[in-house]
Structures are given as structure tokens and as C-alpha cells.
Amino acid sequence: MKCNRLVDAGRRQFLRGGLVGAAGAAASAVLPAQQAQARSLARVEYSASKLANISDLTVNEPMDIAYPDADSPGILLKLGQAVEGGVGPDGDIVAYSVLCPHKGWMLSYNGEDRTLNCPGHHSRFDAEASGQQVWGHATNNLPQFVLRVDDNGDIHAEGVDELIYGRLSNVL
Ligand code: FES
């Protein structure tokens, strides 16, 4: 009699374990779908925005721009030699946010060493290396705007490769 009770208890335990296992398997089957949805929500649909024409640019003289909206200042820059992420016939046109990734101070361009420099806590970013941080408090590289040049030489911004300072999403 005692032995039968133990067998019943063992069966119940086994069935409970099976149910938990089945629930876990079902949850793990759902999880990839949820992850895929979360990933797609994290992606941002950028609008294209014409910034200038190639003929408007002078080598090493930044042009003030804003992208993806008026509250996101940046610069458009022709560097005079092909660089990473550069577009146009010479592969030398780039654009960056000028909001420092550290605390949002406005960066200024130094044409001598082709860096963007922060007056706040002195972070520096390399305009010839996709905005790579070269010194300072910031923990991110500078957001670089994705550019395209059309057949007329018009330069269009079509995306941003890092999160712009102060935003939860680059597109508000
Ligand atoms: Fe630019 Fe702090 S705000 S380094």
C-alpha cells in the first residue's frame, strides 16, 4: 500500500515535470518570434534628405547641415582624399552629427588635423575614420550620416550609424 502511494507520487512528479518541459519548449518556440519583432522595432525608417550639391563644397571647409531633422545639427565635409564611408566621385564626402556623444556639447571642426573637437570635456573624433573617437570622455564614436550622391551630384542623407546624443531613437 505504502509502495503504491510512492509510485503515484512519482507519476505525478513525472507528469508535472513533463508539463513544465512542454511549456518551456513552447515558450522557446515563441521567443525567436518575439526577438525578431523586437529587432524589427529597433530598426528605424530614415527619410532621405538632400543636403547639398557636390559643387557647393570646398575641400576641408565644413558645411552646416541638419539630419534627420532640424534638431540634429551636423556637418557635411569634403576631405580631398578617399576615406571610410566617403561618397562622391573621389570617395571623400562625409557627414557627421556635431552633438558630442558624451553630454551633447556642440563640436567644432579642426581642419588642420581633420578632427571634430568638444569644448565640454575635450573629446576628439577623427573625420577621416568614420568619426572614431581619438581622445576624451565620450564612450561612443561620432554618429556618421549615411550619404548617397545621385547623377546630378546632389548629396542625400539616408541614415545614421550611431545613436544621436540625447535620443532614444534617431527618428523622433
Ligand atoms: Fe563632449 Fe563631454 S560633452 S566630452
Side-chain angles (χ1 to χ4, degrees), residues 31 34-172:
L31 205 54
Q34 288 173 335
Q35 286 170 342
Q37 187 183 14
R39 268 199 302 273
S40 69
L41 289 174
R43 289 175 187 252
V44 171
E45 291 291 324
Y46 287 98
S47 61
S49 174
K50 181 185 164 186
L51 301 177
N53 187 276
I54 287 179
S55 62
D56 300 327
L57 299 177
T58 303
V59 172
N60 213 20
E61 286 187 15
M63 172 185 286
D64 291 335
I65 56 165
Y67 184 79
D69 54 63
D71 294 326
S72 174
I75 57 165
L76 180 64
L77 187 57
K78 182 173 173 61
L79 289 164
Q81 63 183 34
V83 293
E84 194 178 333
V87 298
D90 302 322
D92 65 341
I93 298 171
V94 291
Y96 297 99
S97 167
V98 290
L99 296 179
C100 180
H102 179 222
K103 290 192 176 179
W105 287 58
M106 188 83 81
L107 306 173
S108 61
Y109 181 67
N110 180 341
E112 287 182 18
D113 63 5
R114 301 183 175 209
T115 56
L116 286 123
N117 296 267
C118 180
H121 314 94
H122 313 297
S123 286
R124 306 177 68 224
F125 305 89
D126 190 341
E128 294 180 318
S130 288
Q132 182 176 10
Q133 183 184 357
V134 291
W135 198 86
H137 284 50
T139 54
N140 277 17
N141 295 331
L142 197 57
Q144 182 171 16
F145 299 152
V146 177
L147 302 178
R148 176 180 62 84
V149 177
D150 68 20
D151 293 342
N152 300 320
D154 291 334
I155 306 161
H156 305 266
E158 298 186 333
V160 185
D161 73 346
E162 299 264 2
L163 190 60
I164 296 166
Y165 176 79
R167 298 187 174 208
L168 298 177
S169 169
N170 285 338
V171 175
L172 301 177

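We use all heavy atoms of the structure for the numbers below, so side chains are in, but hydrogens, waters and symmetry mates are not. Whatever order the structure lists them in is the order used to number ligands and atoms, beginning at 1.
One distance of note links CD of Gln132 with CD of Glu84; it measures 8.0 Å at 0.5 Å rounding.
When the ring-ring contact (aromatic ring centres under 6.0 Å, His included) test is applied to His122, no partner is found at least two apart in sequence or on another chain.
A salt bridge between Lys78 and Asp90 is present, with a side-chain N of the basic residue lying under 4.0 Å from a carboxylate O of the acidic one.
You'll find the side chain of Pro89 reaches within 4.5 Å of the side chain of Ile54, heavy atoms only.
Checked against Tyr109 for a side chain to side chain donor-acceptor pair (under 3.5 Å), the options Thr115, Asn60, Asn117 give a single hit: Asn60.
Protein N/O/S atoms found under 2.8 Å from atom 1 (Fe) of ligand 1, listed by chain and residue number: Cys100 SG, Cys118 SG.
Taking the six-membered ring for Trp and thresholds of 30 and 60 degrees, His137 and His102 have ring planes inclined between 30 and 60 degrees apart.
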